[in-house]
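The sequence lines fix the lettering, A, B, ..., with proteins before strands; numbering per chain opens at 1.
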Amino acid sequence: MSSNVKVRFAPSPTGYLHIGGARTALFNWLFARHNKGVFLLRIEDTDQQRSTEEATQAILDSMKWLGLDWDEGPYFQSQRLSIYKQYAEKLVEQGKAFYDTDAEGRKAIRFKMLDGVTEINDLIHGTITFDTSLIEDFVILKADGFPTYNFACVVDDAEMGITHIIRGDDHISNTPKQIALYKAFGFKMPEFAHIPMILGEDGSRLSKRHGATSVTDYRDKGYLPHALVNFLALLGWSPGNDQEIISISEMIEKFTLKRANKTSAQFNNIKLDWMNGQYIKNTPVEQLTAEVKRFFEKSGIDMTKITAGWLTNLVILYHERFKTFLDLQNQTRFFFTDAIEYDQAAVSKFLKKEGAGELLKEVYAAVSQVDNFDKKTLEDSLRALTEKLGVGFSKLAQPMRVAITGKSVSAGIFETMELLGKEKTINRLSHTIKNLCETSEAVKF
RNA sequence: GCCCCCAUCGUCUAGUGGCCAAGGAUGCCAGGUUCUCAGCCUGGAGACAGGGGUUCAAAUCCCCUUGGGGGUACCA
């Protein structure tokens, strides 16, 4: 079963795929999949100065990473130059366009914009009216033989049979020009749907030209593609209920342009982090472990001595505690190196205290005697110690935590010790007692 | 300057004339769980930009103002 719906995503390869472009691609993709239509990819590389192959590759990679698979293409406009030339000359022959030489002596073809009123029937905005006498005769074929955006876009969309043009709001004012072109050629008019733009967190325009965030940035920081997709889908669209976490298949099922809104949205990293955390919690440990391994390796952490079982235990311990893979990496750094960076505030608060050394000496003695180095045994042993010393458990836990992890914040201390192993644990305790604690003369370690 | 688009909690949004003394999410605050933090649970503060209309009734329709965004290229 298929419909006649055919849409496209047509980025220009002048930079990485940024968040706004990704959202446009996503809406097109969702629309195509919902309608069982065709989604095609077209690279609009008509700006010889700014287009690069690296950018093209980055865009393709980003699309794949997000899971936005295309059914046709990628087409490259730079490979279709003769087509645009033919169409442009046809317009000249019909008297609808003319050769024009500018002050710099460049000879181009301009389209004759007829005076009148153009109405756009936008699927999202409704009717938008333009007075075309305000629009100048615009260049359709540049002196270098390349078409301009408005021209190539129309020729391609018509030739490729695009039925719905779903693109950013910023193209609304291009639309009357394109409609004029459609009419001049007698092409079948497509439907237009202009979706709102995504703004940066400060409310200003988010775009690659302003050094904004790219999809690859998010991949490299350890976000899950589905979480990003989910987040992006909810920027300008909603399923119509209070649902926030929506699977891809559910999105496809529910996606309609009717439910797309027309208000521009500000990108909000905090909510993305929350959402990514939700996705991480919902990802099975086994799968997460594989991805953590890959991410850590890529970050240059030596994983050769790390066993699969150990890494799995690490992921289990941190499953509900990290929001991105990079976040996990930062939280668990002390497991992978003995060159621990001690948080100075934590050291002075918990270690540079009268009696801290004595306390940790007791801990050291107790921990040294634990043979079954598991959290249960460790807890029993240390709880017994607090009773013997007559102190509350947090009195022990914090100095231990700083000694072992370097920070005053970590996962459960017994679990952490078990995972670290006995040797490293007692080494860190003794190192701390010798070098970081405040100890009275009588009990020098 | 001119043209176009947009306007609900800080942010993302629900809301298409009565069900809204405006719902959800995030963030924030407080309490609970607890070895810290996170998580989780419970509670709280928080918005219809302003002004005119239309109507028995407006967040919802119209107009103006203000604010934000976009376009005005031989960039896309």
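- The side chain of A:N261 lies closest to B:rU13 when the candidates are B:rC75, B:rU13, B:rC35.
- Here B:rG27 presents its P atom at 17 Å from CD of A:Q266, a figure rounded to the nearest Å.
- Nucleotides B:rG1 and B:rC40 place their P atoms 49 Å apart, quoted to the nearest Å.
- Dense packing is recorded around CD of A:Q94, with more than 12 heavy atoms of other residues, nucleotides or ligands lying under 6.0 Å away.
- Within the nucleic acid shown, A:E244 comes within 4.0 Å of at least one base atom, counting heavy atoms only.
- When heavy atoms are screened at a 4.0 angstrom cut-off, A:F130 is found touching the sugar-phosphate backbone but no base atom.
- Using bins of under 30°, 30° to 60° and over 60° for the plane-to-plane angle, the ring pair A:Y182/A:F192 lands in the perpendicular bin.
- In this model, the phosphate group of B:rC6 is not approached by any side-chain N or O of A:S264 to a distance below 4.0 Å at OP1 or OP2.
- Residue contacts shown for A:S408 include a base, since a base heavy atom lies under 4.0 Å away.
- A:K281 comes within 4.0 angstrom of sugar-phosphate atoms only, judged by non-hydrogen atoms across all strands, and of no base.
- Using C1' as the reference atom, B:rA7 and B:rU65 are 13 Å apart when rounded to the nearest Å.
- Geometric assessment of A:K107 against the ring of A:Y99 yields a positive cation-pi assignment under the 6.0 Å and 45° thresholds.
- For A:K424, the NZ atom is densely surrounded, since the number of other residues' heavy atoms within 6.0 Å is greater than 12.
- The only member of A:D100, A:D137, A:D102 that meets salt bridge (charged side-chain N to carboxylate O under 4.0 Å, His left out) when paired with A:R110 is A:D100.
- Near RNA chain B, meaning a heavy atom under 4.0 Å away, the residues from residues 409-418 of chain A are A:V409, A:S410, A:A411, A:G412, A:I413, A:F414, A:E415.
- Distance noted for atom C1' between B:rC56 and B:rG17: 12 Å (whole Å).
- Note on A:R167: nothing from the nucleic acid sits closer than 4.0 angstrom, heavy atoms only.
- If you check B:rG17 for Watson-Crick or wobble pairing at under 3.5 angstrom, you find it has no partner at all.
- Checking the phosphate oxygens (OP1, OP2) of B:rU11, no side-chain nitrogen or oxygen of A:K271 falls inside 4.0 Å.
- The distance between atom CZ of A:F151 and atom C1' of B:rC75, rounded to the nearest whole Å, is 17 Å.
- Of the possible polar contacts, one joining the A:D327 side chain to the A:K323 backbone as a donor-acceptor pair under 3.5 Å is found.
- In this structure B:rG43 sits in a base pair with B:rC29, meeting the Watson-Crick or G-U test at under 3.5 Å.
- Across the strands present, B:rA73 finds no partner; the criterion is a Watson-Crick or G-U wobble pair with both atom distances under 3.5 angstrom.
- Taking atom P in both B:rA47 and B:rA22, the straight-line distance is 10 Å, to the nearest Å.
- Pairing partner, B:rU60: none, since no Watson-Crick or wobble contact has both distances short of 3.5 Å.
- More than 12 heavy atoms of other residues, nucleotides or ligands sit less than 6.0 Å from atom NZ of A:K96.
- Within the 3.5 Å criterion, the main-chain N or O of A:N427 finds a donor-acceptor partner in the side chain of A:S430.
- Applying the 4.0 Å criterion to OP1 and OP2 of B:rC75, one finds that A:K142 has a side-chain N or O inside that range.
- For the pair A:R23 and A:F27, the distance from NZ or CZ to the six-membered ring centre is under 6.0 Å and the angle to the ring normal is within 45 degrees.
- Across all strands, A:D102 comes closer than 4.0 Å to base atoms (heavy-atom distances).
- When rounded to the nearest whole Å, the span between CG of A:L199 and P of B:rG67 equals 17 Å.
- Within residues 172-180 of chain A, the residues that place at least one heavy atom under 4.0 Å from RNA chain B are, in residue-number order, A:I172, A:S173, A:N174.
- Note: CD1 (A:I198) to C1' (B:rG68) measures 17 Å, nearest angstrom.
- The CH2-C1' distance, from A:W274 to B:rC40, rounds to 14 Å in whole Å.
- Among the atoms of the strands shown, base atoms are found under 4.0 Å from some heavy atom of A:H171.
- With rounding to whole Å, A:E201 atom CD is found 17 Å from B:rG68 atom C1'.
- The gap from the C1' atom of B:rG51 to that of B:rU66 amounts to 10 Å, rounded to the nearest Å.
- At B:rU36, none of the side-chain N or O atoms of A:K349 fall inside 4.0 Å of OP1 or OP2 (strictly under the cut-off).
- A donor-acceptor contact shorter than 3.5 Å is absent between the side chain of A:N276 and the backbone of A:L228.
- Nucleic acid contact for A:A143: base, since at least one base atom lies under 4.0 Å from a heavy atom of the residue.
- With a cut-off of 3.5 Å on both pairing distances, B:rA38 has no Watson-Crick or G-U wobble partner at all.
- Pair assignment for B:rC9 gives none, since no Watson-Crick or G-U wobble pairing has each distance under 3.5 Å.
- Relative orientation of the A:F267 and A:F231 rings is perpendicular, given thresholds of 30° and 60° on the angle between their planes.
- Counting non-hydrogen atoms of other residues, nucleotides and ligands closer than 6.0 Å to NZ of A:K142 gives a total above 12.
- Remark: A:K177 qualifies as a cation-pi partner of A:F138 under the 6.0 Å distance and 45° angle criteria applied to the six-membered ring.
- As judged by a 4.0 angstrom heavy-atom cut-off over every strand, A:Q243 is placed among residues making no nucleic acid contact.
- Residue contacts shown for A:K323 are limited to sugar-phosphate atoms, with no base heavy atom under 4.0 Å away.
- The side chain of A:R50 contributes no N or O atom lying less than 4.0 Å from OP1 or OP2 of B:rA76.
- Listed pair A:T14 / B:rC75 fails the phosphate criterion, with no side-chain N or O lying under 4.0 Å from OP1 or OP2.
- Atoms CG (A:L234) and P (B:rA25) sit 13 Å apart, rounded to a whole Å.
- Between B:rG15 and A:R259, a contact under 4.0 Å exists linking OP1 or OP2 to a side-chain N or O.
- The separation between A:Y84 atom OH and B:rA76 atom C1' is 13 Å, rounded to whole Å.
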